[in-house]
Asks: 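Have a look at this one before I ask anything.
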Amino acid sequence: MADVEQNAAVPDGSSTGSDAVNGTAGRFVSSAEGTALAYGSLLLMALLPIFFGALRSVGCSKSKVTDSYLETLQMKECAKTMHVKIFSQEYINLLLSMYFFVLGVLALSHTMSPFMCRVFPANVPNKQYQLLFTQGSGEGKEEIVNYEFDTKDLICLGISSVVGVWYVLKKHWIANNLFGLAFALNGVELLHLNNVSTGCILLGGLFVYDVFWVFGTNVMVTVAKSFEAPIKLVFPQDLLEKGLDASNFAMLGLGDIVIPGIFIALLLRFDVSLKKNTRTYFYTSFLAYIFGLGLTIFVMHTFKHAQPALLYLVPACIGFPVLLHKELFNFFRKEMALDKDNISSVHVCLTGSIH
C-alpha cells in the first residue's frame, strides 16, 4: 500500500517521475501553512469515504469476503509488483490509464447515483432501459448480461465520463482524487467482512504485509510515486504558492482507507444489529482511525520517511473498541471459540499469500 509521504510528485507535466524518486535539488520547499493544509485535506478526504461508505454498507445487500477472494487480492498485489519489474513504466502507465478510466467512470457513476436521485427534477421523465445479452437460442438460451438502468444513471455516467477523459488527458490531481474517493467509498460500501474475528485477522495480516513492503523494500514507495493511476489520494503542499498547478504532493494510499474502512463499517453494522439507539463501536473506531492517521502523519513529518500507515491504524482501530467496550471484547472471544476453523483457513490464506 502507498502511504502518507512528503514531497511525492504526481505527473502533471510540471515534474518527472525521476525527479520524484531521486529528490532532485531544485525542488520547491513548501511553507508550514501549505504542508498543514495538505495533511489536513488528506485526513478529511480519508474520512469521507469511510463515513459515508459505512453508512451505505448498512443498506446494501451483503456480500461475503471469502478466503479465495482474499487470496485473489494478495495475488493481484504480487502480480502488480512483478509487472513493475518486468515491463517498462511507460507501457504500464498507458495500460493503467485505460484500465482505471473504465473502472473510475463506473465507480464514480455509482457513487453519484444516490445524490442524483435527490436532485433529479421531478418534471423530467425518468425512462427505464435494459441491457440484455444472451447466448444460444430456444430452450438453450443462456442469459449473460441483464442490466437495468434509467435516465438518472445515464446522466451520472455522462458526468463520470467527462471526469474520466479529463483524467486520461491531463492526469490532474483533482481528477485523480475524484476517482480515488469513488474507489474508496465503493470499497468500504461493497466489501463486507463476515465477523469481527475475521476482520481482526485480515487487518493483522495486512499489518505485517504493509510494514514489510515499506520498511523492508522500496517497492511500495516507488510504485506509489512512479505510476500514474488513482491508487492514492494526493494534495499539493505548495497549493498556496502555485495554485492548481502545484506539483509537490503529499499522498495517502487507498489501501490505508479501504482496509480499516471495511472493519469500521463492520462495527457499524454490529451496532445496528444490537438494535440500540447508539453507535458506540462505530464512533469509537472512527475516532481511532483519526488518531491513527494523525499519528502516521506526525511520525512521517518528524522523521521525513514514508510510513506504513497500517502500522498505526490497525492497533488503533482494533484496540480502541476492544479496550473501551467490554461487550465487543466478549463478542470477539465468543467468535474466536465458535469459528476456529474459519479463522485458521483465513490465517493460512493470508500468511501463504504474504510469504
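For the numbers below, each heavy atom of this structure counts, side chains included, while hydrogens, waters and symmetry mates do not.
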Asks: Compare every heavy atom of Gly180 with every heavy atom of Leu254, then report the nearest pair and how far apart it is.
Replies: CD2-O, 3.6 Å
Asks: Measure the CG-CG distance between Asp238 and Leu37 for me, rounded to the nearest 0.5 Å.
Replies: 11.0 Å
Asks: Is the count of non-hydrogen atoms from other residues, nucleotides or ligands lying under 6.0 Å from Phe215 atom CZ greater than 12?
Replies: yes
Asks: Would you say the side-chain atoms of Thr151 pair up with the backbone N or O of Asn126, donor to acceptor, closer than 3.5 Å?
Replies: no
Asks: What I'd like to find out is whether the side chain of Asp210 reaches to under 4.5 Å of the side chain of Val214, using heavy atoms alone.
Replies: yes
Asks: Is any side-chain heavy atom of Val188 closer than 4.5 Å to one of Ile264?
Replies: no
Asks: Decide side-chain contact (heavy atoms from CB on, under 4.5 Å) for Leu287 and Phe291; before the verdict, give the C-alpha distance in whole Å, the side-chain angles of both, and the deciding distance to 0.1 Å.
Replies: CA-CA 6 Å; Leu287 292 175; Phe291 170 79; over 6 Å; no
Asks: Identify whether Val165 and Val168 are in the same connected component of the hydrophobic contact network (ILVMFWY, side-chain heavy atoms under 4.5 Å).
Replies: yes
Asks: Identify the heavy atoms of Ser57 and Arg269 that sit nearest to each other, and give their distance.
Replies: OG-NH1, 3.2 Å
Asks: With a 3.5 Å distance limit and no angle check, can you tell me whether His192 reaches the backbone of Glu189 through a side-chain donor-acceptor pair?
Replies: yes
Asks: Evaluate the criterion side-chain contact (heavy atoms from CB on, under 4.5 Å) for residue pair Trp166 and Ile174; output intermediate values, then yes/no.
Replies: CA-CA 10 Å; Trp166 181 27; Ile174 295 180; 3.8 Å; yes
Asks: Near Tyr129 OH, under 6.0 Å, is it more than 12 heavy atoms from other residues, nucleotides or ligands?
Replies: yes
Asks: Mind checking whether Phe179 and Phe183 have parallel, tilted or perpendicular rings, split at 30° and 60°?
Replies: tilted
Asks: Taking atom CG of Leu252 and atom CD1 of Ile297, what is their separation to the nearest 0.5 Å?
Replies: 7.5 Å
Asks: Where do Ser109 and Ser160 come nearest, in terms of heavy atoms and distance?
Replies: N-OG, 3.1 Å
Asks: How close do Leu157 and Val105 get, counting heavy atoms only, and between which atoms?
Replies: CD1-CG1, 3.6 Å
Asks: Can you confirm whether Asn248 sits close enough to Pro236 that some side-chain heavy atom of one is under 4.5 Å from a side-chain heavy atom of the other?
Replies: no
Asks: Tell me, do Met116 and Asp153 make a side-chain contact under 4.5 Å, heavy atoms counted?
Replies: no
Asks: Would you check if there is a donor-acceptor pair between the side chains of Thr134 and Glu142 at a distance under 3.5 Å?
Replies: no
Asks: Consider only side-chain heavy atoms of I, L, V, M, F, W and Y, link residues closer than 4.5 Å, and tell whether Leu95 and Ile231 are in one cluster.
Replies: no
Asks: Answer whether the closest heavy-atom distance between the side chains of His110 and Cys156 falls below 4.5 Å.
Replies: no
Asks: Below 4.5 Å, heavy atoms only, C-beta onward: do Leu293 and Tyr312 meet side chain to side chain?
Replies: no
Asks: Is there a donor in the side chain of Thr111 and an acceptor in the side chain of Asn186, or the other way round, less than 3.5 Å apart?
Replies: yes
Asks: Kindly assign one of parallel, tilted or perpendicular to the pair Tyr39 and His301, based on the angle between their ring planes and the thresholds 30° and 60°.
Replies: perpendicular
Asks: Judged by atom type as modelled, is there a donor-acceptor pair below 3.5 Å linking the side chain of Asn146 to the main-chain atoms of Phe133?
Replies: no
Asks: Looking only at heavy atoms, which two atoms of Lys232 and Asn177 are closest? And how far apart?
Replies: O-OD1, 4.3 Å
Asks: For a 4.5 angstrom cut-off between non-hydrogen side-chain atoms, does Asn176 reach Lys171?
Replies: no
Asks: Looking only at atom types and distance, does a side-chain atom of Lys275 sit under 3.5 Å from a main-chain N or O of Val272, one as donor and one as acceptor?
Replies: no
Asks: Can you tell me how far the CG atom of Leu43 sits from the CG atom of Leu47, to the nearest 0.5 Å?
Replies: 4.5 Å
Asks: If two hydrophobic side chains count as joined below 4.5 Å and joins carry through other members, does Val102 share a cluster with Met112?
Replies: yes
Asks: So which heavy atom on Ile259 is nearest to which on Ile262, and how close?
Replies: O-CG1, 3.2 Å
Asks: Does the side chain of Leu233 come within less than 4.5 Å of Met251's, by heavy atoms?
Replies: no
Asks: Using only atom types and a distance under 3.5 Å, with no angle test, would you say the side chain of Gln130 pairs donor to acceptor with the backbone of Gln128?
Replies: no
Asks: Assess the residue pair Tyr283 and Asp271 against the criterion (side-chain contact (heavy atoms from CB on, under 4.5 Å)); give the C-alpha distance rounded to whole Å, side-chain angles, the decisive distance to 0.1 Å, and a yes or no.
Replies: CA-CA 10 Å; Tyr283 289 127; Asp271 274 324; over 6 Å; no
Asks: Run the ring-centre check on Phe249 versus Phe235 and record whether the distance is less than 6.0 Å.
Replies: no
Asks: I want to know whether Tyr99 and Phe101 have ring centres closer than 6.0 Å.
Replies: no
Asks: Please check if atom CZ in Phe52 has more than 12 non-hydrogen atoms from other residues, nucleotides or ligands closer than 6.0 Å.
Replies: no
Asks: Taking Tyr281's backbone N and O only, do any of them form a donor-acceptor pair with Thr284's side chain (distance below 3.5 Å, no angle check)?
Replies: no
Asks: If you apply the rule side-chain contact (heavy atoms from CB on, under 4.5 Å), what do you find for Phe263 with Val314, and how did you get there?
Replies: CA-CA 10 Å; Phe263 183 76; Val314 170; over 6 Å; no
